[in-house]
Every structure is written in C-alpha cells, then in structure tokens.
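Before I ask anything, let me first share the structure, which is written out below as structure tokens.
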Amino acid sequence: MDIFQSIFLGIVQGLTEFLPISSSGHLVIFQELLGVEQHSIAFDVAAHLGTVLTVITLYFATVRQMLWEVITYPSHRRFTPGIKLMLLIVVGSVPTAIIGLSLKDMFESLFSNLLAVGIFLTITGLILFLTRNKARISRHIDVHSLEDVKAMHYWQAALIGVAQGMAIAPGISRSGSTIAAGLALGIDRKTTALFSFMLSLPAIMGAGLLQLRHITSWDHQVLLSLGVGFLTAYLSGLMGLWGILYFVKKGRLEYFSYYLWVVGPAVIFWSL
C-alpha cells in the first residue's frame, strides 16, 4: 500500500466509520478499485486508533466525567450517570466481543466477496430507512449530557451490543445498526447517539489492539503507514462524527438509505 492509497483509504475509513454507510464495506470497494492486493495491518491499527481519538475528542467532557465518577466512586458511593454509563458499556461490550471473536473468521472471509458486501450494504440501507419518522432532537438539548443515561436498561445495552457485534460483517454499518437498534428499543435519539459512540470505544480499540500483535516488523514503511493512517482517519473521522450527529439531531438517517440502495445493488451487479 503506497502513500496515496494510505491517505485515501484513511479518509474513507474515518468518514465511513461514523457515517452509517459501513467503513468495512467501503474499504473493500475502494481497495478493489485502487488495486490494493496486500492489506496493511499497520494501516488498520492506525485507522482504528485514529477513530477512537475522534470519539474522545468530540466527547471529551463526557469521557472525562464518566472516568472521574468511576475513579471517585469508592469515596462518595453514589450511583451517578457516569457510573451507569460505564456499566452499560460493559454490558453492551460482552455480546459484541462474543460475536466478534466467535464469528471473526467467517466474516473476514467475506471481505473478498463483493457480492456479500453489496447485499450487506443494501440491508444497512433498509435498517436506516426504518428509523424514519422518529422525533428529532431539539437544538437546545445538550447531546453530551449524561443525565438521561440512567433511564436506559441493561437489556437494552446488551441488545445494542448484539447489533454492534453483527456489524463485523463488511457492509453492515456499526453506527447505523447501533443507533437504529437504540431507536427501535424506544431510547431517545440523544441517548442512543451518545451510547452508540461510547460503546464504540472498546470495540474499535479492541479490534486495533488485536491486529497490533500481527505486526512483525517496525520498519520505515510500517511506521509511515501508521502515521498516515492515524492522521487521516482522525481528521476525516471528525467530519464523519459531526455529520452523523447532525443527521441524528434532524431525525433523517434514512437519507443514507438512498445512497446505500444505489451503491449496494451497483456492487452486486459489479460482482456478477
């Protein structure tokens, strides 16, 4: 993978990690178009870490409040929103990890199957379309506030974790499936979006760290892929996360359905 391919794919990874159109599906498509024959593990690690930093950047106050309340819990013994959010993340991460680790090999084999990618992209479009007509978020509501998190149930977090786990399939959007699952379970848009992105932190970081052990050398090319992948994924991830928050607030995630219903069938036709 040369420097141009690393920059371009880093931008694709960052934007599509948060926009509900599937980063994995688009990476498969663009790698095919660019003729990338050998996938760079270093690039994957860097891109994952870059998108993690994106979430931490835009939700810095939320992450800081949650960690502070967890750290200081032994002294005050109060069940605060930050404590509840941390527990919800743990509960939601369990099914994600189980699905990801047990089905990893099966779904990874689909990354070279354009027909499967096209089908999954089309399914993601349907999932997003089902979120239409949900109430939009008032512009006066603080989307970073943790106050409404305490109303979430642990079983809801577990089911959203299942939705996130299924997004290991190339073409199924992680952000799209988790937000759609939260809305279907009756959780308000603000809390659904916040929990979706907080739940992504251990999942994305875990995926990156698992791939890190496969890097056998740290030569100049590897370090260059790390740096380029990290920076481009981080910067484009900021735009992607701002974009998805805008559409979540407006209650218009189904707009992405029309895009996916063009790209998905086009990829299916291309594969045939």
Side-chain angles (χ1 to χ4, degrees), residues 15-29 55 88-89 91-93 95-96 98-100 103 107 110 115-139 141 143 148-149 151-200 203-204 240-269:
L15 281 173
T16 57
E17 179 65 46
F18 300 109
L19 294 179
I21 54 177
S22 176
S23 60
S24 58
H26 279 74
L27 285 176
V28 171
I29 294 169
V55 177
L88 290 168
I89 291 173
V91 171
S93 296
T96 295
I98 292 174
I99 293 171
L103 301 180
F107 281 118
L110 297 176
L115 176 61
V117 171
I119 292 172
F120 286 135
L121 286 172
T122 306
I123 291 173
T124 295
L126 176 61
I127 292 171
L128 296 176
F129 189 74
L130 295 176
T131 68
R132 72 192 190 286
N133 300 327
K134 299 291 183 180
R136 65 183 62 185
I137 298 175
S138 169
R139 68 178 64 183
I141 293 179
V143 295
D148 295 330
V149 168
M152 269 190 70
H153 300 291
Y154 294 110
W155 63 268
Q156 292 173 320
L159 290 177
I160 294 174
V162 171
Q164 178 170 260
M166 297 309 297
I168 191 176
I172 298 295
S173 166
R174 190 212 62 80
S175 62
S177 58
T178 53
I179 292 173
L183 294 176
L185 292 171
I187 306 171
D188 66 89
R189 284 186 176 274
K190 178 185 77 69
T191 305
T192 296
L194 185 147
F195 181 66
S196 170
F197 299 125
M198 291 298 102
L199 186 63
S200 75
I204 299 174
L241 189 48
W242 278 326
I244 185 63
L245 284 174
Y246 172 81
F247 283 100
V248 168
K249 289 178 183 179
K250 293 293 184 181
R252 288 293 181 264
L253 284 182
E254 76 272 13
Y255 286 173
F256 293 98
S257 299
Y258 310 130
Y259 167 78
L260 291 169
W261 286 341
V262 171
V263 175
V267 172
I268 293 173
F269 179 78

If a pair satisfies salt bridge (Lys or Arg N to Asp or Glu O under 4.0 Å) and one of its residues is in residues 155-165, list it, with sequence neighbours excluded.
none
Sequence-distant partners of Phe256, ring pair (Phe, Tyr, Trp, His ring centres under 6.0 Å), two or more places apart:
Phe247
Counterpart residues, side-chain hydrogen bond (donor to acceptor under 3.5 Å, both in side chains), relative to Thr192 (two or more places apart):
none
Do His26 and Val117 touch side chain to side chain, with heavy atoms closer than 4.5 Å?
no
Interatomic spacing from CD1 in Ile179 to CZ in Arg189 - rounded to 0.5 Å
8.5 Å
Please work out whether the ring planes of His153 and Trp155 are parallel, tilted or perpendicular, with thresholds of 30° and 60°.
parallel
List the residues meeting side-chain hydrogen bond (donor to acceptor under 3.5 Å, both in side chains) with Ser196, not counting sequence neighbours, and say none if there are none.
Thr178
Nearest 0.5 Å please: distance from the CZ atom of Phe120 over to the OG1 atom of Thr124.
9.0 Å
For the atom pair CD1 (Ile244) and CG (Leu15), what is the distance rounded to the nearest 0.5 Å?
12.0 Å
Test of understanding: with side chain to side chain contact (heavy atoms under 4.5 Å, CB included), list the residues that count as partners of Ile119, not counting sequence neighbours.
Leu115, Ile123, Ile268
Does anything in residues 159-168 pair up under salt bridge (Lys or Arg N to Asp or Glu O under 4.0 Å), and if so which pairs, sequence neighbours excluded?
none
Kindly compute the distance separating CG (Leu253) from CD1 (Ile127), expressed to the nearest 0.5 Å.
12.0 Å
N/O donor to acceptor pairs below 3.5 angstrom from side-chain atoms of residues 160-172, sequence neighbours left out:
unit_1	atom_1	unit_2	atom_2	d
Gln164	OE1	Arg174	NH1	2.9
Gln164	NE2	Thr96	OG1	3.2

side-chain hydrogen bond (donor to acceptor under 3.5 Å, both in side chains) filter on Ser257, not counting sequence neighbours, yields none
For Ala193 and Val248 the tightest heavy-atom approach is CB-CG1, 4.0 Å
Only pairs at least two apart or in different chains count here, so list each salt bridge (Lys or Arg N to Asp or Glu O under 4.0 Å) that has a residue in residues 177-187.
none
Checking the side chain of Thr191 only, and the main-chain atoms of Ile187 only, is there a donor and an acceptor separated by less than 3.5 Å?
no
Mind checking what makes side-chain hydrogen bond (donor to acceptor under 3.5 Å, both in side chains) contact with Ser177, not counting sequence neighbours?
none
So OG of Ser175 and CZ of Phe197: to nearest 0.5 Å the spacing works out to 6.0 Å
Which residues satisfy the side chain to side chain contact (heavy atoms under 4.5 Å, CB included) test with Val263, sequence neighbours excluded?
Ile29, Leu121, Tyr259, Val267
Using ring pair (Phe, Tyr, Trp, His ring centres under 6.0 Å) as the criterion, list what pairs up with Phe269, not counting sequence neighbours.
none
Closest approach of Ala158 to Pro95 (non-hydrogen atoms, all atoms of both residues)
O-CG, 3.3 Å
Could you state the interatomic distance from NZ (Lys249) to NZ (Lys190), rounded to the nearest 0.5 Å?
11.5 Å
Are side-chain heavy atoms of Trp242 and Phe18 found at a separation under 4.5 Å?
no
Do Gln156 side-chain atoms and Gly182 backbone N/O form a donor-acceptor pair below 3.5 Å?
no
Backbone N or O of Leu19 within a donor-acceptor pair of the Thr16 side chain at under 3.5 Å?
no
